[in-house]
Amino acid sequence: MELNKIMMGISHELVAGDPDLEILQITSDSRAVEQGMLFIALRGTVTDGHDFIPMAIEKGAAAILCEEVPEERVEGVAYLRVEHTDVVIGEVAANFYDHPSRQLKLVGVTGTNGKTTIATLLYHLFSALGHKSGLISTVCVIIDGEKIPSRLTTPDALTLQKDLREMVDAGCEYAFMEVSSHAVHQHRIGGAYFRGGIFTNLTRDHLDYHGTFLNYLHAKQGFFDSLPKEAFALTNFDETNGMVMVQNSKAEVHTYALKRDADFKGKILEQHLDGTDLIINGRELYSRLVGTFNAYNLLAICGAAILLGQPEEEVLRIASTLRSVDGRFQTVTSPKGYVAIIDYAHTPDALENVLGTIKELQKNHGGRIITVVGAGGNRDAGKRPIMAAVSAKLSEIVILTSDNPRKEDPDKIIDDMMEGLDEDMSRRTLRIANRRDAIRTACTMALPGDVILIAGKGHETYQEINGVRHHFSDLEEVMKITESEKGGSRN
């Protein structure tokens, strides 16, 4: 594509070079530069892309988009200056890939908890309705059934536009994606045209990045502020910040709720460890999803599907067949008679929701709740004691262990968690830094009727220790143990 077409509609200054230059690809990674590419110099928290402009040119970059043009310029290379490269990179990518989001019905999901579940269930719902669809989530990217592993909740701006282009080329009609607060703040969704946005809830998270809860709120709010008037904004009316999120949105606002009257109103009739009986907009259905938090998720996906023009009766029929997402309230029943639940809950509120659900389901069965939980290293340390206190308040036994310690000492993280416990809570708490040993200990202690919650990592198949990712899966560990129990022995 010609350089001037890539920069169309974007305020910039062509300092040197040919505006009609043919650009073969764009990148912000100097290591990935090849002949004929446009290199975009981004300022990061650790490195500055401007320092790598000479390397990019040496590797064959045909054009440079930057904030500061080098004094020494190479003949034949085009240099373009913009005020902030991070702000415009999404629009540049959208131009290059011919605005794929405008050729899809793209829906974004944001909030502290529930993003992955809602986006993934929407993908499965629309696939079952017969529509080719795409998914961009924490777990993976799916393009018309083909899975691609994912490392970020929301990909960088260039990858996002490339993924959306591939969805269009594959014939997808719809795309559903998680929108993280980081992505909004870092302009990763720039250039993306959304037909709808969904808000789940807002609780303490990512304060290591945003600094304050208000900054975190404003980042999420920025997504709804950017929605076009043709879009819908579907918000949780029971959530304290539900209407705050959409107060400045130009989009058409709709609500869902369990406790208040809303456009999409639900009521839980009965809950079980294997599903929920509920009413949505006057229609009764049984869902295989468990817990009040999943009832909200179900309301959100049904509401979004109906707002996207799908027939309500068919939406509710298919919704009743949807299963839980990997690592989200995923249950394994032991031959010994206990149930292990793997869940991604890694915030105080998410833990409280999951444990509250388990406690409600357990009250007529008399079994204990054993919680295995840790907290991530090099992240918001303030939530550590809160997570431990929530776990101890709602469990009979707690095992504090490692999550992804990253570059922190796992024992120091557990020390921080222990600060949230009183004397009684401490007596019911074990410290086992090795996560594999912690899970095995919980299973050894469990009696028939008990429920073990293994929280924090969910779908993840790695554990990050000292900056290195090692293969580790909570589900795999539990499955090994329950398999060994079938033979009446442990190994």
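Just so you know, these numbers come straight off a predicted model, no measurement behind them.
- In this model, no donor atom of one side chain and acceptor atom of the other lie less than 3.5 Å apart for Gln330 and Ser324.
- No side-chain N or O of Asp277 forms a donor-acceptor pair with one of Gln271 less than 3.5 Å apart.
- Partners of Ser395 according to the side chain to side chain donor-acceptor pair (under 3.5 Å) rule, which considers only residues two or more places apart in sequence or in another chain, are Thr371.
- Applying the side chain to side chain donor-acceptor pair (under 3.5 Å) test to Thr159 and every residue at least two apart in sequence or in another chain returns Asp156.
- In this view, His254 satisfies the ring pair (Phe, Tyr, Trp, His ring centres under 6.0 Å) rule with no residue, not counting sequence neighbours.
- Under the rule for a salt bridge (Lys or Arg N to Asp or Glu O under 4.0 Å), Glu173 has no partner lying at least two apart in sequence or in another chain.
- Take Asp411 and apply the side-chain contact (heavy atoms from CB on, under 4.5 Å) test, not counting sequence neighbours, and it matches Asp409, Arg431, Ala433.
- Annotation: salt bridge (Lys or Arg N to Asp or Glu O under 4.0 Å) contacts of Glu476 (sequence neighbours excluded): none.
- Side chain to side chain, Lys407 and Asn466 fail the donor-acceptor criterion of an N or O pair below 3.5 Å.
- Between Tyr462 and His471, the distance separating the two ring centers is not shorter than 6.0 angstrom.
- Ile452 has its side chain out of reach of Val339: every pair of non-hydrogen atoms, C-beta onward, lies at least 4.5 Å apart.
- When each of Arg368, Arg428, Lys359 is paired with Glu396, the salt bridge (Lys or Arg N to Asp or Glu O under 4.0 Å) condition holds for Lys359 and for no other.
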